[in-house]
Structure formats: structure tokens, C-alpha cells
Amino acid sequence: MAHGADGVYCPGERSTARDVERAADGVPVAPKVWRDLTERAAPSGIRPPGTG
């Protein structure tokens with residue numbers, strides 16, 4: 001295994017692991033994008049998850 005590598009993977013194995021992680025923890029969103037989405041949703045009464 002190459003120095004710095006974290007393992008040997010079969011095709012699709014890393015993306016499947018990422019999908020499982022995101023299903024459990026959510027999809028990461030950049031702060032600027034999240035702020036823009038919440039600001040645009042607010043006038044329609046849409047509140048972000050976890051805010052009540």
C-alpha cells in the first residue's frame with residue numbers, strides 16, 4: 001500500500017461508504033450556501049431542520 005493511503009478499495013466501495021455516512025449525518029453544505037438557502041426560504045415560512 002502506498003504511503004499515506006488509507007486502504008485498498010473495490011470500485012464503488014468509497015462512494016457507498018460516503019452515502020451511508022451522509023444518510024446518517026446529513027450532506028455537508030458550505031456556510032454561505034446554507035445561509036443563502038435559509039434566507040430565501042424564510043419568506044415562505046420554511047424553517048431549516050433542527051430549528052424547531
Side-chain angles (χ1 to χ4, degrees):
M1 183 169 10
H3 178 69
D6 60 349
V8 178
Y9 299 97
C10 294
E13 192 173 2
R14 289 185 297 175
S15 60
T16 299
R18 184 181 58 237
D19 292 346
V20 169
E21 180 181 314
R22 288 180 175 177
D25 300 333
V27 178
V29 178
K32 181 179 180 188
V33 172
W34 185 254
R35 185 173 50 252
D36 186 45
L37 289 171
T38 57
E39 288 173 358
R40 290 173 184 259
S44 299
I46 300 170
R47 295 166 47 182
T51 62

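Predicted model, so just to flag it, every value in this text is computed and none were measured. FYI, the numbering just counts along the sequence from 1.
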For residues 1-13, which side-chain donor-acceptor pairs fall under 3.5 Å, sequence neighbours excluded?
unit_1 : atom_1 : unit_2 : atom_2 : d
Asp6   : OD1    : Tyr9   : OH     : 3.4
Asp6   : OD2    : Tyr9   : OH     : 3.3
Glu13  : OE1    : Cys10  : N      : 2.9

Below 3.5 Å, can you tabulate the donor-acceptor pairs from side chains in residues 36-46 to any protein atom, sequence neighbours excluded?
unit_1 : atom_1 : unit_2 : atom_2 : d
Asp36  : OD1    : Arg40  : NE     : 2.9
Asp36  : OD2    : Arg40  : NE     : 3.1
Thr38  : OG1    : Trp34  : O      : 3.1
Thr38  : OG1    : Arg35  : O      : 3.0

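Residues passing the salt bridge (charged side-chain N to carboxylate O under 4.0 Å, His left out) test with Asp19, sequence neighbours excluded: none.
Crowding of Arg22 atom CZ: a count of heavy atoms from other residues, nucleotides or ligands under 6.0 Å exceeding 12.
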